[in-house]
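Below is one structure, written out as structure tokens, with a few remarks after it.
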Amino acid sequence: MTGVEESVTDPYLWLEEVTSERALDWAREHNDVVVELFASSQRFTELESRILAMLDTDTRIAYPGRRGSWLYNFWRDAEHPKGLWRRTTFAEYTKDEPRWEVLIDLDALAEAEDENWVWGGAAVLRPEQSRALISLSRGGADAKVVREFDIDTQAFIAPEDGGFHLPEAKSEIRWIDIDTVYVGTDFGPGSLTDSGYPRIAKRWERGTPLEEARTVFEGEATDVAVSAGYDRTPGYERHFVGRATDFFNEEVYLLEADGSLRHIDVPTDASESWYKETFLVRLKSPWEVGGRTYPAGALLAADFEEFLGGARDFEVLFEPDAHTALHGYGWTENHLLLITLEDVQTKLYVMTPGPDGWVREPLADAPPMATTSVMNLDPLEGGDEFMLSTSGFTSPTTLLSGAVGGPTALLKKEPEFFDAAGVETEQFFARSDDGTMIPYFVIRHRDRKGAPGPTIMSGYGGFEVSRTPAYSGASGMGWLERGGTWVMTNIRGGGEYGPQWHTSVQKANRHKVYEDFSSVAKDLVARGITTHDQLGAVGGSNGGLLMGVMLTRYPELFGAIVCQVPLLDMKRYHLLLAGASWMAEYGDPDKPEEWEYISKYSPYQNTRADAAYPPILITTSTRDDRVHPGHARKMAALLESQGHPIWYHENIEGGHGGAADNKQSAFQAALIFEFFTQQLMKG
């Protein structure tokens with residue numbers, strides 16, 4: 001018997017009322033139980049303190065964002081829990097203790113305005129860098145307030161003084177010049193899509209009311225969002241607009257001076273970009289054009305003006321194979337840098353255009369069992385310089401700088417935050433139900449190889465999000481140091497092997513994601529790494545849906561589960577907040593033929609009172625305006641009513657990320673590891 005039949009009114013619908021006192025009282029009561037059971041011991045307090053000290057320490061790398069000669073950084077520490085937005089020069093940044101120019105003290109701002117401001121980002125006007133559009137959210141929500149900031153005077157410009165200002169909404173705003181922006185926001189009834197994002201893009205002139213901004217493009221209510229932007233490259237200035245018809249498909253147009261649109265005719269699921277005269281197309285599905293068929297995952301290059309004129313002659317810059325996919329790419333002034341994944345391990349290349357075509361050469365060595373990212377490319381003002389960030393499961397991040405054709409130099413290195421002596425990383429492959437080999441990484445102390453032990457496996461499996469090795473001090477402190485084993489899975493739905501790794505499991509094939517994860521769980525036991533009673537699983541958002549399916553479909557495989565900010569009621573997900581934007585991933589539950597396959601795995605509709613479920617901790621945030629907290633609340637209430645071992649915690653602030661500051665982040669991390677310690681280590 002299912003927990004909630006389709007024909008029966010949902011008895012927990014009242015828990016979707018996010019800020020109702022009844023629902024919040026329910027959440028607080030459950031929070032009290034969780035704190036008493038899992039967050040009151042000396043062990044918890046010590047771990048929470050260690051994690052918070054790691055998050056607050058000034059020995060962390062202050063990751064910069066390069067804009068011309070300036071390096072910008074947003075920084076949190078114990079003295080500034082909400083954070084500082086600041087900048088410095090490259091020469092200063094190379095020092096052990098660089099001098100930073102503080103532009104905005106968010107703690108001081110929040111106190112002065114009596115608001116729980118959380119940093120949402122800054123769009124700096126280029127090339128002048130005299131103004132910025134600052135995004136701030138209340139409590140970490142996706143919806144943000146946008147305010148113009150004068151960098152020279154270090155003060156916000158009030159609307160009555162001509163400053164650009166947007167009230168709280170899921171807005172898009174981009175500079176054209178110092179007096180003009182493109183803006184999409186909540187202009188009133190009918191101006192948002194069904195997903196809650198802008199449906200209309202307008203051109204807004206300084207000194208005029210927002211309601212007088214001129215419309216340049218409109219989409220449909222059923223679209224995900226529309227946007228407009230401006231390419232300021234000297235000699236190649238271009239205005240453009242985009243219409244995302246669903247999460248994975250977008251129509252892009254050049255916006256001509258007379259207001260007409262010029263369609264960029266590539267597949268809507270492709271990613272197109274341009275730099276000066278070069279046009280790049282990254283394919284997510286095969287494309288037959290110009291007498292050739294280009295494979296999914298390929299990166300193509302052409303002359304942009306010739307393409308707009310009708311030519312369809314492309315040079316293939318990258319073509320995937322069974323083991324290799326394109327992970328990312330970006331321009332320096334004269335070169336294109338490629339990051340590839342070869343069995344989920346990064347390789348770096350530099351592509352150089354020339355009279356006889358493109359030449360490909362290695363850029364730099366990338367260590368195995370680690371992830372190396374290229375960052376801080378600024379083709380218009382930064383020449384051929386770049387930075388490399390490398391991180392592994394047991395290797396803290398290193399940051400290097402270099403230029404194409406020259407050596408790299410160490411800029412910064414983070415300290416070790418846990419004792420990794422003897423901890424090793426291995427990669428294995430599990431055979432899924434349909435025969436597909438699924439890679440996963442196992443991180444454990446070499447002394448643990450002789451016998452099965454407590455293990456946590458993590459997963460996501462959606463939206464072409466690739467999961468690659470990275471250092472996690474919290475996991476090291478909270479699990480590896482305690483003798484546990486950590487596992488990161490690379491199940492389908494991600495992009496580790498290119499777009500087909502994702503597209504092959506959308507909608508009706510969604511079940512393969514869950515078969516992949518369960519197959520890794522079985523493989524871990526078969527290899528003697530763990531036992532089902534000692535095996536835990538953790539995932540958030542789409543990964544929270546994965547955890548819900550593991551609970552209801554594969555309960556016998558796990559000893560404990562942590563389910564974070566999850567989707568769980570797949571009958572109503574498209575009606576809640578941004579859920580409508582994800583129908584291209586999961587399907588439309590209002591269509592009987594699509595609900596037919598969704599209903600088979602939707603956790604909320606597949607709970608059973610007579611099933612034996614492992615203990616589960618479900619967490620969410622009241623301020624999550626992306627994945628509705630009602631998913632987590634209702635699932636917890638249903639499982640509780642059926643008598644299952646369920647614990648629930650809701651952070652009243654924090655948004656979809658679950659935490660609004662370092663203190664909340666430390667609490668949540670410590671809570672998860674204490675829960676797993678009690679359930680899997682019985683300690």
Side-chain angles (χ1 to χ4, degrees), residues 1-18 23 26 459 461-462 493 505-515 517-518 537 539-558 561-620 624 627-646 648:
M1 183 177 179
T2 58
V4 180
E5 295 292 347
E6 182 178 347
S7 60
V8 177
T9 301
D10 185 347
Y12 302 110
L13 204 60
W14 60 275
L15 286 168
E16 291 183 6
E17 299 170 11
V18 177
W26 178 92
V505 295
Q506 288 177 283
K507 293 189 174 183
N509 289 321
R510 195 79 199 165
H511 61 93
K512 295 182 180 180
V513 174
Y514 312 126
E515 291 169 359
F517 196 77
S518 64
S541 191
N542 172 73
L545 171 60
L546 173 66
M547 295 302 105
V549 177
M550 291 303 107
L551 180 81
T552 54
R553 181 174 285 190
Y554 302 98
E556 72 283 357
L557 299 183
F558 302 98
I561 291 175
V562 172
C563 180
Q564 302 169 287
V565 291
L567 289 89
L568 293 167
D569 181 357
M570 299 304 288
K571 182 63 176 174
R572 287 179 51 77
Y573 84 92
H574 63 312
L575 306 176
L576 302 173
L577 299 176
S581 65
W582 308 322
M583 289 193 288
E585 181 82 359
Y586 305 116
D588 183 349
D590 287 341
K591 295 179 179 178
E593 68 276 14
E594 297 189 9
W595 175 242
E596 174 64 23
Y597 56 76
I598 297 172
S599 66
K600 288 181 169 58
Y601 68 79
S602 179
Y604 192 56
Q605 280 74 29
N606 282 280
T607 59
R608 291 170 41 207
D610 61 350
Y613 294 148
I616 183 170
L617 171 65
I618 300 177
T619 69
T620 191
D624 188 346
V627 177
H628 197 290
H631 286 277
R633 291 173 175 178
K634 295 196 305 178
M635 187 69 168
L638 176 59
L639 290 168
E640 190 173 52
S641 73
Q642 295 175 340
H644 298 297
I646 162 70
Y648 177 86

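From a predicted model like this one, the values you see are computed outputs, not experimental measurements.
- Residues K600 and N606 fail the side-chain proximity criterion, which asks for heavy atoms closer than 4.5 Å.
- Y613 and P645 get closest at one heavy-atom pair: O-CG, 3.7 Å.
- Taking every heavy atom of both residues into account, L568 and S602 meet most closely at O-OG, 3.4 Å.
- Under the 3.5 Å distance criterion, with hydrogens and angles disregarded, a donor-acceptor pair is assigned to the side chains of H511 and E515.
- Using a 4.5 Å heavy-atom threshold, the side chains of I561 and P614 count as touching.
- Of all the heavy atoms in P603 and M570, the pair that sits closest is CD-CG, 4.4 Å.
- Without hydrogens or angle criteria, H628 side chain to G630 main chain gives a donor-acceptor distance under 3.5 Å.
- Counting heavy atoms from C-beta outward, I618 and L639 have side chains that approach closer than 4.5 Å.
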Candidate pair M550 and F558, rule side-chain contact (heavy atoms from CB on, under 4.5 Å), full reasoning: CA-CA 8 Å; M550 291 303 107; F558 302 98; 3.7 Å; yes
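- Side chain of S581 to backbone of A578: a donor-acceptor contact under 3.5 angstrom is found.
- Smallest separation of non-hydrogen atoms from A636 and W26: CB-CH2, 3.9 Å.
- Annotation: Y514 is in aromatic contact with Y601 [ring centroid separation under 6.0 Å].
- Looking at E16 and R572, a side-chain N of the basic residue comes within less than 4.0 Å of a carboxylate O on the acidic one, giving a salt bridge.
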E585 and R510: CA distance, side-chain angles, deciding distance, salt bridge (charged side-chain N to carboxylate O under 4.0 Å, His left out) verdict: CA-CA 9 Å; E585 181 82 359; R510 195 79 199 165; 2.7 Å; yes
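- Looking only at side-chain heavy atoms (C-beta outward), N542 and W582 stay at 4.5 Å or farther from each other.
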CA sep, side-chain torsions, deciding dist, call: K571, D569, salt bridge (charged side-chain N to carboxylate O under 4.0 Å, His left out): CA-CA 5 Å; K571 182 63 176 174; D569 181 357; over 6 Å; no
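- In the model, T620 has no side-chain atom that pairs as donor or acceptor with a side-chain atom of Y648 under 3.5 Å.
- Panel note: side chain Y573, backbone V627; no donor-acceptor pair is recorded below 3.5 Å.
- Counting heavy atoms from C-beta outward, C563 and L551 have side chains that stay 4.5 Å or more apart.
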Pair D10-Y604, side chain to side chain donor-acceptor pair (under 3.5 Å): steps then yes or no: CA-CA 10 Å; D10 185 347; Y604 192 56; 2.8 Å; yes
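- Y597 places a side-chain heavy atom less than 4.5 Å from the side chain of K507.
- Side chains of T552 and M635 form a contact here, defined as non-hydrogen atoms less than 4.5 Å apart.
- When side chains are defined from C-beta on, V565 does not count as touching T619, because their heavy atoms never get closer than 4.5 Å.
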Steps toward side-chain contact (heavy atoms from CB on, under 4.5 Å) verdict (Y586, L567): CA-CA 11 Å; Y586 305 116; L567 289 89; 3.9 Å; yes
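- Taking every heavy atom of both residues into account, H631 and L576 meet most closely at NE2-CD1, 3.8 Å.
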